Number of protein chains: 2
Amino acid sequence: MLVRIDPDSPAPLHAQISAAVRRGIAVGEIAPGERLPGARDLAAALGVNLHTVLRGYQELRAEGLVELRRGRGAQVRPDAAPAVAALRQAVHALVDEARRLGLSTAEVTEMVREAMA
Amino acid sequence: MLVRIDPDSPAPLHAQISAAVRRGIAVGEIAPGERLPGARDLAAALGVNLHTVLRGYQELRAEGLVELRRGRGAQVRPDAAPAVAALRQAVHALVDEARRLGLSTAEVTEMVREAMA
DNA sequence: AGACTTGTTCTAGTCCGTATAGAACAGTTA
DNA sequence: TAACTGTTCTATACGGACTAGAACAAGTCT
């Protein structure tokens, strides 16, 4: 499991961490039941404080994606997964509307690129 | 034109202001060429500082939705087509969800490219 | 049982973005 | 000219994000 962080991003570090794990689950990089790296280990690897990582993990727990237990660590809940399918569906709806307006692929992807920036 | 603000929202006030105007354009509440309320007036109406409103307006200018000129005020650009604004809003929503999932810009644009093909 | 690991909780401090406030400035309009 | 409107500047206050260190509690492993 790989977690990347951008210190220059306006997004809070804890949000970036939870997003990275969320993405891993959504894409299938992280399987349900799998253990996440220990908070102290990940904090050291990212050059970030322990509490920052814990906060990201706790956000994931609040969403029901992972379980946190002392001694055991953070574990992806067995019933976690979809999300990406829903996103893909939203993309289709968006693309249909864009096509109806006569926008090109380049124009739409550029809008996405701008919005992501 | 009606702009609503929620002081308790975690979203910054300037972002709420620009979002409200963006939505107004998208839904057609605000027509292209129409003038937005003066920054000082809107600030007083919302119980907010002048600079906060101006910042929201400037965000809209950065997106190409409005023009700002001294003495004239804020004016919705003639080419700010409501439909496109609506699509832009949809893109924003999609991008927000994608970001929440931790997807990269490349991954999202690729999903769009596939869907457009 | 005992040692170790891991999340939990607490206090405390720094840093930065948000928002406020006031003032002076520069185009636009009537 | 006079009033209006965005622009720019300085300054202050507040809160969230992040860091830091420590003690604590539940689970794991030998």
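In this text the structure is predicted, and so the values were computed from the model without any measurement. So you know, we letter chains A, B, ... as the sequences are listed, proteins then strands, and number each from 1.
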| query | Can you name the side chain to side chain contact (heavy atoms under 4.5 Å, CB included) partners of Leu46(A), sequence neighbours left out? | reply | Val3(A), Ile5(A), Ile17(A), Leu42(A), Val48(A)
| Listed once per pair and sorted, the salt bridge (charged side-chain N to carboxylate O under 4.0 Å, His left out) pairs that draw on residues 8-23 of chain B, sequence neighbours left out | Arg22(B)-Glu63(B), Arg23(B)-Glu29(B)
| Positions of residues 52-59 of chain A (non-hydrogen atom under 4.0 Å from DNA chain C), listed by number | Leu54(A), Gln58(A)
| message | Angle between the end axes of the helix from dA1(C)-dT30(D) to dA30(C)-dT1(D), five pairs per end, to the nearest 10 degrees? | response | 40°
Which pairs would a plain distance check flag for residues 73-84 of chain B, meaning a side-chain donor or acceptor within less than 3.5 Å of a matching protein atom at least two apart in sequence or in another chain?
from, atom 1, to, atom 2, distance (Å)
Gln75(B), NE2, Gly33(B), O, 3.1
Arg77(B), NE, Asp79(B), OD1, 3.3
Arg77(B), NH2, Asp79(B), OD2, 3.0

| remark: Value for CG (Leu68(A)) from CG (Leu60(A)), rounded to nearest 0.5 Å, stands at 8.0 Å
| Taking the side chain as C-beta and beyond, is there a heavy-atom pair between Gln16(A) and Arg4(A) under 4.5 Å? | no
| Rounded distance (Å) that lies between atom P of dG15(D) and atom CG of Asp8(B) | 13 Å
| field | Euclidean distance, atom CG of residue Leu68(B) to atom P of dT8(D) [Å, nearest integer] | value | 11 Å
| Roughly how far, to the nearest 0.5 Å, is the CG atom of Leu13(B) from the CG atom of Asp6(B)? | 9.0 Å
What pairs of nitrogen or oxygen atoms, one from the protein and one from nucleotides 28-30 of chain C, lie under 3.5 Å apart?
from, atom 1, to, atom 2, distance (Å)
dT28(C), O4', Arg70(B), O, 2.9
dT29(C), OP1, Arg72(B), NE, 3.3

| message | Rounding to an integer number of Å, can you tell me how far Arg35(B) CZ sits from dC4(D) P? | response | 12 Å
| How close do Ala90(A) and Leu94(B) get, heavy atom to heavy atom, and via which atoms? | CB-CD1, 3.6 Å
| request: Give the rounded distance in Å between these two atoms: CZ of Arg40(A) and P of dA20(D). | output: 14 Å
Tell me which donor-acceptor pairs under 3.5 Å the side chains of residues 108-117 of chain A have, and how far apart each pair is, sequence neighbours excluded?
from, atom 1, to, atom 2, distance (Å)
Thr109(A), OG1, Thr105(A), O, 3.0
Thr109(A), OG1, Ala106(A), O, 2.9
Glu110(A), OE1, Arg113(A), NH1, 2.7

Could you go over nucleotides 10-14 of chain D and give all protein N or O partners under 3.5 Å, atom names and distances?
none

Between protein and nucleotides 12-15 of chain C, what N or O pairs are separated by less than 3.5 Å?
none

| Euclidean distance, atom CG of residue Asp6(A) to atom C1' of dA17(D) [Å, nearest integer] | 16 Å
| request: Apply side chain to side chain contact (heavy atoms under 4.5 Å, CB included) to Ala44(A) and list each qualifying residue two or more places apart in sequence or on a separate chain. | output: none
| said: Within the 4.0 Å heavy-atom criterion, would you say Leu50(B) contacts the bases, only the backbone, or no part of the nucleic acid? | reply: nothing
| request: Figure out the CD1/P separation between Ile17(B) and dG6(D), and round it to whole Å. | output: 13 Å
Polar pairs (N or O, both sides) under 3.5 Å between protein and nucleotides 1-4 of chain C?
none

| query | Rounded to the Å, how far apart are Leu46(A) CG and dT19(D) C1'? | reply | 15 Å
| Between atom CG in Leu13(B) and atom C1' in dG17(C), what is the gap in whole Å? | 12 Å
| request: Please list all pairs passing the side-chain hydrogen bond (donor to acceptor under 3.5 Å, both in side chains) test where one or both residues lie in residues 42-62 of chain A, with sequence neighbours left out. | output: His14(A)-Glu59(A), Ser18(A)-Glu59(A), Asn49(A)-His51(A)
